[in-house]
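One structure is given here, and the rest of the page talks about it.
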Amino acid sequence: MTITERYNFRQTEPKWQAEWEKRECFLAKDSSDKPKYYVLEMFPYPSGRIHMGHIRNYTLGDVIARFKLAQGYNVLHPMGWDAFGLPAENAAIQNNLHPGKWTYENIASMRKQLKPVGFAYDWSREFASCDVNYYRHEQKLFLDFFANDLVYEKESLVNWDPVENTVLANEQVVDGKGWRSGAPVERRRLSQWFLKITDFAQDLLDSLDTLKGWPERVVTMQQNWIGRSEGAYVHFPVVGRSESLEIFTTRPDTLFGASFCAISPNHPIAEELAKTNPSIASFIKECNSLGTSLEDIEKAEKRGVDTGLKVQHPLDANWQLPIYIANFVLMDYGTGAIFGCPAHDERDHEFATKYKLPIKQVIQPEGEVIDVSSQAFTGDGLLVNSDFLNGLSVEQAKQAMNKVLEEKGCGRKAITYRLRDWGVSRQRYWGCPIPIIRCADCGVVPVPEEDLPVVLPEDVTFDKPGNPLDHHPTWKHVNCPKCDGKAERVTDTLDTFFESSWYFLRFCSPHSDKPFEKEAVQYWMPVDQYIGGIEHAVMHLLYSRFFTRALRKCGYLNFDEPFKQLMTQGMVCHETYKDSKGQWISPDEIKKVDCAFVKSSDNSPVVVGRSEKMSKSKKNVIDSDEMMQSYGADATRLFMMSDSPPDRDLEWTDMGIQGVWKYLNRIWKFVVEAEHYCNKSAQGSGDKDQAILKLLHKTVSSGTVDLEKFHFNKYVARMREFHNEFEKHYKNLSAPVLKTSLQTFVQLLNPIIPHITEELWHEMGMKDLLVHEPWPKADSAYLKDDTIEMVVQVNGKLRGSLEVALDEDPEVIKKIALALPNVQRIMEDKQVRKIIVVPNKIVNIVI
RNA sequence: GCCCGCAUGGUGGAAUCGGUAGACACAACAGACUUAAAAUCUGUCGAUCGUAAGGUCGUGCCAGUUCGAGUCUGGCUGCGGGCACCA
């Protein structure tokens, strides 16, 4: 076998990677005559191994980067590490390793895995967010936010493990218990730092309309997350007390249908009552054992306890309502108190039925009989049993009620948002220290800028629970920058979403001694194409949108939206397997015998399960290194791109990667052979030349559109279609047509399989690198057809087809269609009622 | 519980604006080459009736709009993502 017969990726791939690096093909220049293009994939958490989900994410970005490079853009395509986070601390506890050591070792091994895939990254811009040179700037940004009134401190609820005396992440609460101690968690108040994202709620909502390049579902999810609602605050005087209970409602129109008020278990009144009332205290304790996760709270059975307290109806002094403490009322939303109208709200209805509270109908839909005792009616209608609101529509009633509430001084119209301010305090070591000092005399004192960075101490221990920064013997003890008296650092670190909210700005000028250079950000931002998982649809993307607004307020930049276009990719899945004992087993522990899988070790039968997201727990992870070794980067890349569209899940299969590998060899063999054929001075026929040129230009034209829309799987299919046709006829082409067609074909494949195409380009005797070649352009002269095929239907059913000139007269088409034998046969002697002609597409005869 | 998606042959998917359902592949089957296997090449490949021409059914389920629905509307079912301290 000669070298040209089989493609040797083990030699080729490293060779061209070295060449690209040597010639600095992918270094982004901070100024250029070319238009700029910033393509970014969500930077990875350095968990230790590159998995297939990473490879898919980065291949998507890489194909775009290479395509845009060829199209003549100045491309920025960077890579870095989202390196702070909980897993590093867990590893530290388990293996007695420093989180920093663990993290940097992981980064090194992941970088080593990533390089052989041949991504067109500008590696000179790489950084890890746990580098002091990254987080020192983050501290500066925090201080600027502080100075610009975007930071404040307030008490909020956390999950507390009473045995370990530690704050737990939601993930660390399993069935209401601490994951290590097994102790039931408690909700506990803790003073925490918050960013005022709600200052921008309306703007974050309004600007979503401008994000035309975002998937609609992500926009909808953000809209719902921000959750603007118009309603009213209403004061209910508490009977026998001087205070009143303030509630928020979106349905002031139903105020005359009120039958109870409910407050959160964490409402001040509830907590006060708990001090003297043991049954209330135990109910609150039970509610608190649910932890802080909204999901758990809302899934739990709706329960309440009567406080014994009564409120007066704001519009009728003789009407009293009970106050309940209810487990579904959240302290974080509105005022932590609601009024219940069971007839017109499902949750209130459920609650009222359970505690035998009155259900009073106040809305009557027109021309419909309803029974609110059995089911809440939430639709539109006219107000009844409601004093001055009677006869009004829901919308009119809302306005009328708001007006009266305001006049009587017992309420006011208000707009609220579901969005809450962003709590950024974490009681953990492996994060960016919050640069604040507490002084007994001066209070809260920000760390002076010249004292930055506040560096994480290296000498920490993880032998006891809680925050090592808090335990550290010396770190937190400092002198107050104002009065020089004894003071303490805040030992909380920032939420890791903080790092990922501005890293895309840092990539524009990663070596700057400021957070970023204004000019560089001005030039590169916004990110033209951002790519990552749908799981980040709300939080990360919303925080980043908030950050640019906050930075704008601080004078750092002058735009609001960081990501012009967004692509959300699906997961990488694999079949799952279980052995005869029902234990998960991995794909490399099994083998195929007579169409069924058995365990390699003992030939026992294996149960094949459905395809699921690759995860360690289900043992269906395919190692990227193994694929690199067996099939190489191009094959892995091609498989990633050719099967599923980017936003859907991709199922990794052994057969699939093998098929792609075979195809790479077919490309190799074909191009090499055809190239030889060029030199045999082939004599082509004009007909075949024209036909292949037509197909070639059509392929270039529609292929370019596919790439622009990120329809990579269709793009690959189109290339194969062209290849199939080309391979059939290449021996009948003239040498010049064969040559250009081959070159264009190789070039079109380049963004997806860059190594083999670079090698073929070289084999074809081209002097420069293929990555330097401009993207091919389609000649419109080849794109038009003179005649087209039209389909003929009778009553919407396919009955035949006809070939006519482009834009043929509809009357002519009708005649030809009616004359078709199959149409004649179906019609028999029936009358034509109507004929619909859709130009150049279809004829439908209605009989 | 709430919010957001998705569902097309044995499998992954294609169908640009409501206009030929199944492009391009994978698997399978048959054949060629081979001592044999692999590789490669050729052919078949939604179901069903029919010798064929051709017909009927078919895009998770039930309705609806339309000359025409995978695509639009309403109602379900199943699966997935998110729910604020996993990243």
Side-chain angles (χ1 to χ4, degrees), chain A residues 6 42 44-45 47 82 84-87 158-159 167-173 192 215-225 227 292-302 328 332 347 418-428 495-497 500 533-540 542-543 568 570-571 573 595 610-613 642-645 647-651 653 655-656 658-660 662-663 665-666 669 702 705 709 711 713-714 716-721 724 789-801 822 825 833-836 838 841-847:
Chain A
R6 199 143 183 113
M42 291 179 184
Y45 178 77
S47 57
D82 185 15
F84 275 137
L86 211 48
V158 292
N159 297 312
V167 177
L168 297 176
N170 283 339
E171 193 192 45
Q172 298 170 313
V173 180
Q192 310 249 75
E216 223 169 291
R217 62 170 159 156
V218 176
V219 169
T220 313
M221 279 190 255
Q222 293 216 354
Q223 278 166 352
N224 291 336
W225 185 268
T292 60
S293 145
L294 190 59
E295 185 188 349
D296 292 343
I297 293 168
E298 295 209 338
K299 264 189 193 161
E301 188 198 353
K302 315 243 166 322
F328 57 86
D332 292 319
R347 200 167 56 177
R418 206 187 70 100
L419 179 69
R420 311 195 303 248
D421 275 335
W422 176 12
V424 293
S425 294
R426 297 292 180 271
Q427 294 67 42
R428 303 190 207 297
D495 178 8
T496 54
F497 273 120
S500 55
I534 186 69
E535 68 273 18
H536 294 294
V538 177
M539 302 185 65
H540 159 61
L542 194 62
Y543 291 145
T568 53
M571 300 175 302
C573 302
C595 300
R610 35 176 297 182
S611 181
E612 293 192 63
K613 180 184 179 170
S642 56
D643 251 29
S644 298
D647 56 347
R648 273 217 226 168
D649 289 353
L650 175 126
E651 195 188 341
T653 61
M655 286 303 167
Q658 278 175 32
V660 145
K662 285 179 198 168
Y663 184 55
N665 282 296
R666 190 180 144 206
K669 235 177 98 185
S702 36
V705 173
K709 292 182 172 172
H711 295 165
N713 57 330
K714 280 156 70 178
V716 172
R718 225 182 268 286
M719 292 308 129
R720 293 184 85 130
E721 254 172 303
N724 291 343
E789 194 199 20
M790 284 181 76
V791 162
V792 180
Q793 297 180 333
V794 177
N795 284 344
K797 276 197 174 148
L798 177 68
R799 297 299 175 190
S801 69
N822 206 26
R825 194 177 55 80
R833 282 204 277 165
K834 190 158 56 160
I835 303 183
I836 293 149
V838 184
K841 235 174 213 166
I842 207 160
V843 185
N844 191 10
I845 301 164
V846 187
I847 54 174

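Chain A is the first sequence line, chain B the second, and so forth, proteins listed ahead of strands; every chain is numbered from 1.
Using a 4.0 Å heavy-atom distance criterion, Val660(A) is classed as making no nucleic acid contact. Among the protein residues, Val846(A) comes within range of the sugar-phosphate backbone only, with heavy atoms under 4.0 Å from sugar or phosphate atoms but none that close to a base. Residue contacts for Phe328(A): at a heavy-atom cut-off of 4.0 Å it reaches no nucleic acid atom on any strand shown. Within the 4.0 angstrom heavy-atom criterion, base atoms lie near Gln427(A). Counting any heavy atom pair closer than 4.0 Å across all strands shown, Arg648(A) reaches sugar-phosphate atoms only and no base atom. At the heavy-atom level, Glu789(A) lies under 4.0 Å from base atoms of the strands shown. Using a 4.0 Å heavy-atom criterion, one finds that Lys299(A) contacts the bases of the nucleic acid, with or without backbone contacts as well. Contact annotation for Arg217(A): backbone-only contact, meaning every heavy-atom pair under 4.0 Å involves sugar-phosphate atoms and none involves a base. Within 4.0 Å of Val538(A), counting heavy atoms only, lies no atom of the nucleic acid at all. Nucleic acid contact for Pro44(A): none, since no nucleic acid atom lies under 4.0 Å from a heavy atom of the residue. At a threshold of 4.0 angstrom between heavy atoms, the contacts of Ile836(A) include nucleobase atoms, whether or not backbone atoms are also involved. Residue Asp649(A) is classed as a sugar-phosphate contact, given heavy-atom separations below 4.0 Å to backbone atoms only. Nucleic acid contact for Trp225(A): base, since at least one base atom lies under 4.0 Å from a heavy atom of the residue. Looking at heavy-atom distances under 4.0 Å, Gln222(A) makes no contact with the nucleic acid at all.
For the pair Leu542(A) and Leu419(A), the minimum side-chain heavy-atom distance is below 4.5 Å. Residues Asp647(A) and Pro215(A) are not in side-chain contact: their nearest non-hydrogen atoms beyond the backbone lie 4.5 Å or more apart. Between Asp643(A) and Glu651(A) the shortest side-chain heavy-atom distance does not fall below 4.5 Å. Residues Ile835(A) and Val846(A) form no side-chain contact, since every pair of their non-hydrogen atoms from C-beta on lies 4.5 Å or further apart. Within the 4.5 Å cutoff, side-chain heavy atoms of Arg428(A) are placed close to those of Leu86(A).
Spacing between atom CD1 of Ile842(A) and atom P of G68(B) amounts to 12 Å, rounded to whole angstrom units. Atom C1' of nucleotide C6(B) and atom CE of Met571(A) are separated by 11 Å, given to the nearest angstrom. Between the C1' atom of A84(B) and the CD atom of Glu171(A) lies a distance of 14 Å, rounded to the nearest Å. Atom C1' of nucleotide G19(B) and atom CE of Met790(A) are separated by 10 Å, given to the nearest angstrom. Rounded to a whole Å, the CD atom of Gln793(A) is 10 Å from the P atom of G68(B). The interatomic distance linking Gln658(A) (CD) with A38(B) (P) rounds to 13 Å, in whole Å. As a whole-Å value, the separation of Asn170(A) CG from G82(B) C1' is 13 Å. If you measure from atom CE of Met655(A) to atom P of G13(B), you get 18 Å, rounded to the nearest angstrom.
In terms of phosphate contacts, Asn713(A) brings no side-chain nitrogen or oxygen within less than 4.0 Å of OP1 or OP2 of C24(B). Between Lys662(A) and the phosphate of A25(B), there is no side-chain N or O to OP1/OP2 separation shorter than 4.0 Å. Look at Arg420(A) and you won't find any side-chain N or O under 4.0 angstrom from OP1 or OP2 of A84(B). For the pair Ser644(A) and G12(B), the criterion of a side-chain N or O lying under 4.0 Å from OP1 or OP2 is not met.
Among the nucleotides A87(B), C67(B), G81(B), the one closest to any side-chain atom of Met221(A) is G81(B). Looking at the side chain of Asn159(A), the nearest of the listed nucleotides A14(B), G82(B), C85(B) is C85(B). Of the candidate nucleotides C3(B), G19(B), A23(B), G19(B) has the atom lying nearest to any side-chain atom of Lys841(A).
In this structure, the ring-ring contact (aromatic ring centres under 6.0 Å, His included) partners of Tyr543(A), at least two apart in sequence or on a different chain, are Trp422(A), Phe497(A).
Here the separation of G43(B) from A36(B), taken at their C1' atoms, is 24 Å to the nearest Å. Look at the P atom in both C67(B) and A47(B): the space between them is 34 Å, to the nearest Å. A gap of 12 Å separates the C1' atoms of U66(B) and U73(B), to the nearest Å. For the C1' atoms, the distance from C79(B) to U65(B) is 29 Å, rounded to whole Å. Nucleotides G22(B) and A14(B) place their C1' atoms 7 Å apart, quoted to the nearest Å. The gap from the C1' atom of A25(B) to that of C76(B) amounts to 34 Å, rounded to the nearest Å. For the P atoms, the distance from C41(B) to G46(B) is 22 Å, rounded to whole Å. Rounded to a whole angstrom, the distance from the C1' atom of G50(B) to that of A38(B) is 41 Å.
Taking a pair to require two hydrogen-bonding distances under 3.5 Å in either a Watson-Crick or a G-U wobble arrangement, C61(B) pairs with G75(B). Nucleotide A28(B) is matched to U44(B) when pairs are restricted to Watson-Crick or G-U wobble geometry with both distances under 3.5 angstrom. The partner of G1(B) is C83(B), by the rule that a Watson-Crick or G-U pair needs both atom distances under 3.5 Å. Across every strand in view, A38(B) sits unpaired, with no contact that passes the Watson-Crick or G-U test at under 3.5 angstrom.
For Arg426(A) (side chain) and Asp495(A) (main-chain N/O), no donor-acceptor pair under 3.5 Å exists by modelled atom type. Of the possible polar contacts, none joining the Glu298(A) side chain to the Phe328(A) backbone as a donor-acceptor pair under 3.5 Å is found. Side-chain atoms of Asn844(A) never come within 3.5 Å of backbone atoms of Ile836(A) as a donor-acceptor pair (strictly under, hydrogens ignored). Using modelled atom types, no side-chain atom of Asp649(A) and backbone atom of Gly570(A) make a donor-acceptor pair closer than 3.5 Å.
Where Arg720(A) and Glu298(A) meet RNA chain B, the nucleotide closest to each residue was compared, and Glu298(A) sits on the side nearer the 5' end. Comparing Lys302(A) and Glu651(A), the nucleotide of RNA chain B nearest to each residue sits closer to the 5' end for Lys302(A).
A donor-acceptor contact under 3.5 Å is formed by the side chain of Asn844(A) with the base of C67(B). Side-chain atoms of Glu295(A) and base atoms of C2(B) include no donor and acceptor less than 3.5 Å apart.
Separating the NZ atom in Lys302(A) from the CD1 atom in Ile297(A) is a distance of 10.5 Å, to the nearest 0.5 Å.
Using a 90° window around 0 for the glycosidic torsion, G81(B) falls outside it and is classed as anti. Classified by its glycosidic torsion, C49(B) falls in the anti category, the angle being over 90° from 0.
Taking every heavy atom of both residues into account, Asn159(A) and Thr292(A) meet most closely at OD1-N, 2.8 Å.
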Study note, to complete from the structure: Protein-proximity profile, nucleotides 51-58 of chain B, B/S/- by nucleotide at the 4.0 Å heavy-atom cutoff, equals ---SSSS-
